[in-house]
Number of protein chains: 2
Amino acid sequence: MKEDRCLELGRQLCFPLYAASREVVRKYKPFLDELGLTYTQYIVMLVLWEEGKISMQELGNRLYLDSGTLTPLLVKLEEKGLVEKARNEKDVREIIVSVTDKGVGLKVQAREIPGKIGKCLNISVIEAVQLKKILNKILE
Amino acid sequence: MKEDRCLELGRQLCFPLYAASREVVRKYKPFLDELGLTYTQYIVMLVLWEEGKISMQELGNRLYLDSGTLTPLLVKLEEKGLVEKARNEKDVREIIVSVTDKGVGLKVQAREIPGKIGKCLNISVIEAVQLKKILNKILE
DNA sequence: TTGGAATTAATTGTGTACAATTAGTTTATT
DNA sequence: AATAAACTAATTGTACACAATTAATTCCAA
């Protein structure tokens, strides 16, 4: 039987993907703590800052998250006064999530974050572009 | 005030990292289900297949996980009969984790997995090499 | 050598992820 | 219109992640 080098941790592609993802989320933490947001709550806010309002369905599609994750998370954002939920009158099964004035206000503080994170990651702009392109290919 | 395009989801680097990581772990699931392992349990087994035995501390360093994650996870692997825990006689604070015969036996089934995952990811070998290199730079 | 600092794994508590199920609503077919 | 199929968010249950604390042990400096 041949050697099983293929199972060595150092040979895996997905392990650095998994580890780097957690590492980068960790880097966000001090900045997000100032906003009182977790990373997942932050990406929900990113979508809402961009769209203003969005159905829960569409929100899940954008973030690759399901109702099991989003339902309790939106409850927390609602408790913080950052978002509001309403039923779609045309189809009451649908929940429409919209950002509140307070939620919009938080955007000002958030604006600094992407730049700060960029400085933390010790990769070049070229590598960042390459990385993003490959990751999006995986997601496609 | 200038436009805040920097907060658009499509401009983020870390979001595709986070999303792709979860996506790839999802791809493992059907294969790992056959072994009765979760993804995190699988990477612990990767280390143990490679090392035979390792201290909990070192295991955490390799996987970027702490005792809060590892302690309950190792209990589950122990219940499955795949690993054993023992105290280091020289320093009883230290836990030494070692793979059992049954654990080693599982390696045979696992050997197929990296190849199967490779086929699922629709990226080229060159892109995979690039990706791994950049991710390791982030982790370094 | 002894008492404080450091180390280690376990514990506790919060917040995701996600599979699977449920309950209510809408759509489509007869 | 009646009913089956499809759809939607909520719920339930399991398993991470990780910060913070705890308890036991070891190290180290006076």
Side-chain angles (χ1 to χ4, degrees), chain A residues 15 17-30 32-33 35-45 54-80 83-97, chain B residues 15 17-30 32-33 35-45 54-80 83-97:
Chain A
F15 170 66
L17 183 58
Y18 157 83
S21 168
R22 287 162 42 225
E23 194 62 31
V24 172
V25 169
R26 242 194 299 274
K27 286 192 200 295
Y28 273 86
K29 185 157 196 308
L32 292 179
D33 279 348
L35 309 200
L37 295 176
T38 65
Y39 179 73
T40 316
Q41 289 166 10
Y42 170 68
I43 61 175
V44 167
M45 292 308 295
I54 192 170
S55 74
M56 192 152 161
Q57 189 80 38
E58 184 57 28
L59 183 60
N61 291 342
R62 291 281 292 274
L63 301 178
Y64 307 91
L65 292 171
D66 69 6
S67 68
T69 301
L70 287 175
T71 296
L73 188 151
L74 289 172
V75 168
K76 293 192 190 84
L77 288 180
E78 210 175 11
E79 286 167 355
K80 295 184 217 269
V83 311
E84 277 170 356
K85 288 192 291 185
R87 296 267 170 198
N88 180 353
E89 294 295 331
K90 307 285 174 56
D91 181 346
V92 300
R93 290 173 304 181
E94 224 179 51
I95 295 280
I96 307 292
V97 186
Chain B
F15 170 67
L17 183 58
Y18 158 84
S21 168
R22 287 163 42 226
E23 193 63 32
V24 172
V25 169
R26 243 193 299 276
K27 286 192 200 294
Y28 273 85
K29 187 159 193 308
L32 292 179
D33 279 349
L35 310 202
L37 295 177
T38 65
Y39 178 74
T40 316
Q41 290 167 10
Y42 170 69
I43 60 176
V44 167
M45 292 307 295
I54 191 170
S55 74
M56 193 155 160
Q57 190 79 38
E58 184 57 28
L59 182 61
N61 291 342
R62 292 280 293 273
L63 301 177
Y64 306 91
L65 292 171
D66 69 6
S67 68
T69 301
L70 286 176
T71 296
L73 188 150
L74 289 172
V75 168
K76 292 191 192 86
L77 288 179
E78 210 175 9
E79 286 168 355
K80 294 184 218 271
V83 310
E84 277 170 356
K85 287 193 291 185
R87 294 270 170 194
N88 180 354
E89 293 295 331
K90 308 286 175 57
D91 182 345
V92 299
R93 290 172 305 181
E94 224 179 49
I95 295 280
I96 307 292
V97 186

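To find a chain, count down the sequence lines: A is the first, B the second, and so on, and within it residues start at 1. None of these values were measured; they are calculated from a predicted model.
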What is the 5' to 3' range of DNA chain D, first to last nucleotide, that sits under 4.0 Å from any heavy atom of chain A?
-> dA6(D) to dA19(D)

According to the side chain to side chain donor-acceptor pair (under 3.5 Å) rule, which pairs have a member within residues 63-79 of chain A, sequence neighbours left out?
-> none

Partners of N88(B) by side chain to side chain contact (heavy atoms under 4.5 Å, CB included), sequence neighbours excluded?
-> K90(B), D91(B), E94(B), I96(B)

Kindly write out the residues that satisfy side-chain hydrogen bond (donor to acceptor under 3.5 Å, both in side chains) with K85(B), not counting sequence neighbours, or none if the list is empty.
-> none

Taken in chain and number order and not counting sequence neighbours, the residues that satisfy side chain to side chain contact (heavy atoms under 4.5 Å, CB included) with V92(B) are R87(B)

Worked verdict on T38(B) versus K29(B) for side-chain contact (heavy atoms from CB on, under 4.5 Å) = CA-CA 7 Å; T38(B) 65; K29(B) 187 159 193 308; over 6 Å; no

Between P72(A) and I43(B), which has a closest nucleotide on DNA chain D that is more 5'?
-> P72(A)

Figure out the CZ/P separation between F15(B) and dT16(C), and round it to whole Å.
-> 15 Å

Please identify each residue that fulfils salt bridge (charged side-chain N to carboxylate O under 4.0 Å, His left out) with K80(A), with sequence neighbours left out.
-> none

Whole angstrom value for the distance that separates P of dA10(C) from CG of L59(B) = 12 Å

side-chain hydrogen bond (donor to acceptor under 3.5 Å, both in side chains) partners for E23(B), two or more places apart | R26(B)

Considering all heavy atoms of both residues, which atom of L65(A) and which atom of T40(A) are nearest to each other, and what is their separation?
-> CD1-CG2, 3.8 Å

Integer-rounded Å distance: dG15(C) P and L73(A) CG = 10 Å

Report the residues that fulfil side chain to side chain contact (heavy atoms under 4.5 Å, CB included) with E58(B), sequence neighbours left out, ordered by chain and then residue number.
-> I54(B), S55(B), N61(B), R62(B)

Could you run down the sub-3.5 Å N/O contacts of the protein with nucleotides 26-28 of chain C?
unit_1  : atom_1 : unit_2 : atom_2 : d
dT26(C) : OP1    : V92(A) : N      : 3.3

Full working for side-chain contact (heavy atoms from CB on, under 4.5 Å) between L73(A) and V75(A) | CA-CA 5 Å; L73(A) 188 151; V75(A) 168; over 6 Å; no

When you measure from every atom of DNA chain D, which of residues 21-29 of chain A have a heavy atom less than 4.0 Å away?
-> R22(A), R26(A), K29(A)

Gap between atoms CG and C1', on L32(A) and dT16(C) respectively (whole Å) | 14 Å

Please identify each residue that fulfils ring-ring contact (aromatic ring centres under 6.0 Å, His included) with Y18(B), with sequence neighbours left out.
-> Y39(A)

Closest heavy-atom pair and its distance - L70(A), V44(A) | CD2-CG2, 4.1 Å

Starting at OH of Y18(B) and ending at C1' of dC18(C), how long is that distance when rounded to a whole Å?
-> 11 Å

Mind running a 4.0 Å heavy-atom check of residues 63-70 of chain A against DNA chain D and sending the residues that fall below it, in number order?
-> S67(A), G68(A)

Test item: L17(B) and L17(A) side chains (from C-beta on) under 4.5 Å apart, heavy atoms | yes

